[in-house]
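Below, read A as the first sequence line, B as the second, and so on, with proteins coming before strands; counting in each chain starts at 1. Just so you know, these numbers come straight off a predicted model, no measurement behind them.
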Amino acid sequence: MSEEHRLDRLTSLLKRRGVILPSFEIYGGVSGLIDYGPIGARIKRKVTDYWINHWIKQGDIVEIDSPTITPERVLIASGHVGEFNDLMTECKSCSSIYRADHLIGEIHDNPESLGEIEMNKILQDKSIICLNCGKNDWSPTKPMNLMFKTGIGAMKEQRLAYMRPETAQGMFMLFPSLYRHFRQKLPFGAIQIGKGYRNEISPRQGMIRLREFNMAELEYFIDPNNPPLEDLSTNLSLINMIPDPESKFDLNYNITFSNAFNIGLIKHPTVAFFLMKTWNFLVEIGIDKSKIRFREHVSTEMAHYAEECWDCEINGEYGWIECVGIANRTSHDLKSHENISGSKSLTAWRAFTEPRIERKTILSPKTSIIGPIFKEQSGLVIEAIKKLQIDDKFPKNIKLSNGNNVDITSEMTEIKDIETTVSGEWFTPHVIEPAFGIDRIVWHLIDHSYKEVKKEGVEYTIMKFNDNVCPIDAIILPLYEKDGMDKIAFEITRKANSLLGIRVEMDTSKSIGRRYARADEIGVPWTVTVDHTSVDDNTVTIRRRDDQKQIRTTIKQLLDNLMNKTIENMFHEYQS
RNA sequence: GCGCCUGUGGUGAAGGGGUUAUCACCUGAGGUUUCCAACCUCAUGUCCUGGGUUCAAAUCCCAGCGGGCGCACCA
């Protein structure tokens, strides 16, 4: 079959078999919103479950879950209210749309700080011309709101809120609780899977740019002075990496993770580790290794919060698409939340290896003298004296915080040598964040698994999902729906479904060949056929999707191996 | 948001003013068949939505919604 229109055939299949479909179709549909049907939802569930386990098994990472509705102040602190409300202007002559701050970037130092009115003035006064038609005829600017706005409270006095554009803020909000949970020891991480919302101008390319999408993010909190050093030699694959073109590095590398870190291509050890973990995850669920690459952001396209940022891109029908972003967000988020909220609990304690003894010489107020002289003003006087320097000369006239002036003589102070023991310090942890676009990953998983082959000269479709992500583990097929075969098939179906995490279905309609084909089309790795022999001796045949090979085994062995995910091994044993 | 193209059963298509809208596959029911989309019988849609033109609209016109591509946008 020609490679041409492969995307069309794949899209049709996904719709026909209930994998991925447009939402609200009977009302005409809404662009940027999709449904996962019964098969698709199952694939997505398997991918997210695998993702959760992939991180949880690290041992220092926990799952959390927070609201999608987010009060405005949280998103002001995170920078999204500023970043997601760009002023847009339209060229009245040719209808091209531009970000106003980009247009005036050359003549204004800080265009993002401008309001609508100032911006409109600058667009008129200066000769800023349209890049498309060369004219200066701008419409009044309008804020483009990439976040869905909503209000908390049913009546008039609503508190402004937005649907979250990322899940990360939920993890930052829970930092104090996470810090306690992990017994106040860094590093630790929190993951969350959930919906994110962005009111895209023009969603395109199927499920690549959605208005409501599934994200999976990990925030890993570390001590910047003591970043964890993980073993990068557990994966020695050569990885395609494209560094920032403005850096000293060449354009393109095929390099191991550990070498990339050793030569400084990846700057931060934890970023390197998460790049590796990300690659492992993608390959384990079935993304084609040869279609994965890592690309470093150039400093100009870097998100407002990040210091080092790598995209993991996957190649598919839409070209190379960013599916995972791994960013060193430093202390930006926690610091910003500390500033805006006033909370003091967004820091961690770093104990010094040896307590430090600090000796200081200070000017100390002599309260026994000050008290009787200043009476009720004494407190203010003491406060003022503490601010003086050791080398100040007395007598001295100082101003108190209540506005009164008082004279301080040298008898009222003394020079003291003091010794304090400091056993550690408070600091704001840094955050390394891998952020996964689940829908994009599911799409590429399907794209890479979709195989058009020839079977006995006829076009044939197989989804080659592996055990980690296949929507249904096995389909049970009674050869005929009679002579007890249907009963045995039903028994197996029921028993298999009671196994933890195993999902099987039974299919009885139409010829056996057609039922095999239906199973192959949605990527079921094993089909189990109940035939006349089964009725006599409780054996069944298992067919392997990828090569149509069959083996015969007992029902008990089938169930045991299904549960342990070891059916593949049965084929090896059978062959040897 | 702009421009060009586009919308007919579950999927893919034909029909471009005039009887009851056509075909293939798929799906369901029944039959037949001892293992890879076999065969036979039957069943399932009405032309994206709303206006307009006309005696008559799936067909022509307008608007909206959806899809594709290009431009712009894409923390």
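Its glycosidic angle being within 90° of 0, B:G16 falls on the syn side.
Here B:C65 presents its P atom at 14 Å from CG of A:Leu33, a figure rounded to the nearest Å. Atom CG in A:Leu210 sits roughly 14 Å away from atom P in B:G66 (whole-Å rounding). At whole-Å resolution of the value, CD1 in A:Ile34 and P in B:G67 are 12 Å apart. Nucleotide B:C74 holds its P atom 15 Å from the CE atom of A:Met147, rounded to whole Å. Rounded to an integer number of Å, the gap from CG of A:Leu146 to C1' of B:A72 is 14 Å. Atom NZ in A:Lys455 sits roughly 13 Å away from atom C1' in B:A38 (whole-Å rounding). The interatomic distance linking A:Arg211 (CZ) with B:G67 (P) rounds to 9 Å, in whole Å. The CD1 atom of A:Ile20 sits 15 Å away from the P atom of B:G67 (whole-angstrom rounding).
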Exercise. Does the side-chain contact (heavy atoms from CB on, under 4.5 Å) test come out yes or no for A:Met463 and A:Leu10, once each step is laid out?
Worked result: CA-CA 10 Å; A:Met463 283 281 186; A:Leu10 174 53; 3.8 Å; yes
Exercise. Step by step, would you call A:Leu558 with A:Trp526 a side-chain contact (heavy atoms from CB on, under 4.5 Å)?
Worked result: CA-CA 11 Å; A:Leu558 163 74; A:Trp526 315 108; over 6 Å; no
For this session: Starting from the C-alpha separation in whole Å, work towards a yes-or-no answer on side-chain contact (heavy atoms from CB on, under 4.5 Å) for A:Ile462 and A:Arg545.
Result: CA-CA 8 Å; A:Ile462 303 184; A:Arg545 174 195 65 206; 3.7 Å; yes
For this session: Quick one: do A:Asp531 and A:Thr529 satisfy side-chain hydrogen bond (donor to acceptor under 3.5 Å, both in side chains)? Show the steps, please.
Result: CA-CA 6 Å; A:Asp531 56 20; A:Thr529 310; over 6 Å; no
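Only the C1' atoms considered, B:U34 is 27 Å distant from B:C42, to the nearest whole Å. Spacing between B:C61 and B:U54 at atom C1', rounded to whole Å, works out to 12 Å. The gap from the C1' atom of B:G12 to that of B:U19 amounts to 28 Å, rounded to the nearest Å. Taking atom C1' in both B:C47 and B:G10, the straight-line distance is 16 Å, to the nearest Å. When the C1' atom is used for both B:A58 and B:A13, the distance is 15 Å, rounded to whole Å. With P as the reference atom, B:A43 and B:G52 are 38 Å apart, rounded to whole Å. When the P atom is used for both B:G67 and B:G30, the distance is 40 Å, rounded to whole Å. Comparing the C1' positions of B:C25 and B:A38 gives a spacing of 15 Å, expressed to the nearest Å.
Atom CZ of A:Phe490 has 12 or fewer heavy atoms from other residues, nucleotides or ligands within 6.0 Å.
Of the side-chain N and O atoms in A:Ser202, none sit less than 4.0 angstrom from OP1 or OP2 of B:C73. For B:U27, neither phosphate oxygen OP1 nor OP2 lies less than 4.0 angstrom from any side-chain nitrogen or oxygen of A:Ser509. For the pair A:Ser511 and B:A37, the criterion of a side-chain N or O lying under 4.0 Å from OP1 or OP2 is not met.
Note: A:Trp55 and A:Tyr220 fail the aromatic proximity criterion, with ring centroids not under 6.0 Å apart.
Within the 4.0 angstrom heavy-atom criterion, no nucleotide atom of any strand lies near A:Arg515. Nucleic acid contact for A:Gly206: sugar-phosphate only, since backbone atoms but no base atoms lie under 4.0 Å from a heavy atom of the residue. Here A:Gln550 lies in heavy-atom contact (under 4.0 Å) with a base. Looking at heavy-atom distances under 4.0 Å, A:Arg518 makes contact with sugar-phosphate atoms alone, never a base.
To the nearest 0.5 Å, atom CG of residue A:Asp547 and atom CZ of residue A:Phe571 are 7.0 Å apart.
Between the side chains of A:His332 and A:Thr330, no donor N or O sits under 3.5 Å from an acceptor N or O.
Shown are A:Arg543, A:Lys464, A:Lys451; of these, the side chain to side chain donor-acceptor pair (under 3.5 Å) with A:Asp520 is made only by A:Arg543.
The side chain of A:Tyr480 lies closest to B:U33, out of B:C35, B:U33, B:U11. When distances run from any side-chain atom of A:Tyr516 to the nucleotides B:C36, B:C69, B:A37, the shortest one goes to B:C36. With distances taken from any side-chain atom of A:Arg514 to the nucleotides B:G66, B:A37, B:U33, the minimum falls on B:A37. In this structure, the nucleotide among B:A37, B:C35, B:C73 sitting nearest to the side chain of A:Glu521 is B:A37. Considering only the side chain of A:Leu479, B:C35 comes nearest among B:C35, B:C73, B:C69.
Near RNA chain B, meaning a heavy atom under 4.0 Å away, the residues from residues 522-532 of chain A are A:Thr529, A:Asp531.
A salt bridge links A:Asp447 to A:Arg6: at least one charged side-chain nitrogen sits closer than 4.0 Å to a carboxylate oxygen.
Under the Watson-Crick or G-U wobble criterion, with both distances below 3.5 Å, B:C42 is paired with B:G28. Summarising the base pairing, B:G16 is matched to no nucleotide, lacking a Watson-Crick or G-U wobble pair whose two defining distances lie under 3.5 Å. Across every strand in view, B:G50 sits in a pair with B:C62 that passes the Watson-Crick or G-U test at under 3.5 angstrom. B:C71: Watson-Crick or G-U partner is B:G1, with both key distances under 3.5 Å. Across all strands shown, B:U34 forms no Watson-Crick or G-U wobble pair with both key distances under 3.5 Å.
Remark on RNA chain B: of its neighbouring residues A:Asp507 and A:Gly28, the 5'-side contact belongs to A:Asp507, judged by nearest-heavy-atom nucleotide. Place A:Asp8 and A:Gly513 on RNA chain B by their nearest nucleotides, and A:Asp8 ends up nearer the 5' end.
With hydrogens and angles left out, the side chain of A:Arg545 and the base of B:C36 share no donor-acceptor pair within 3.5 Å. If you check distances only, the side chain of A:Arg204 does reach the base of B:G70 with a donor-acceptor pair under 3.5 Å.
Listed by first and then second residue, the salt bridge (charged side-chain N to carboxylate O under 4.0 Å, His left out) pairs that reach into residues 205-216 of chain A are A:Lys195-A:Glu212, A:Glu200-A:Arg209, sequence neighbours excluded.
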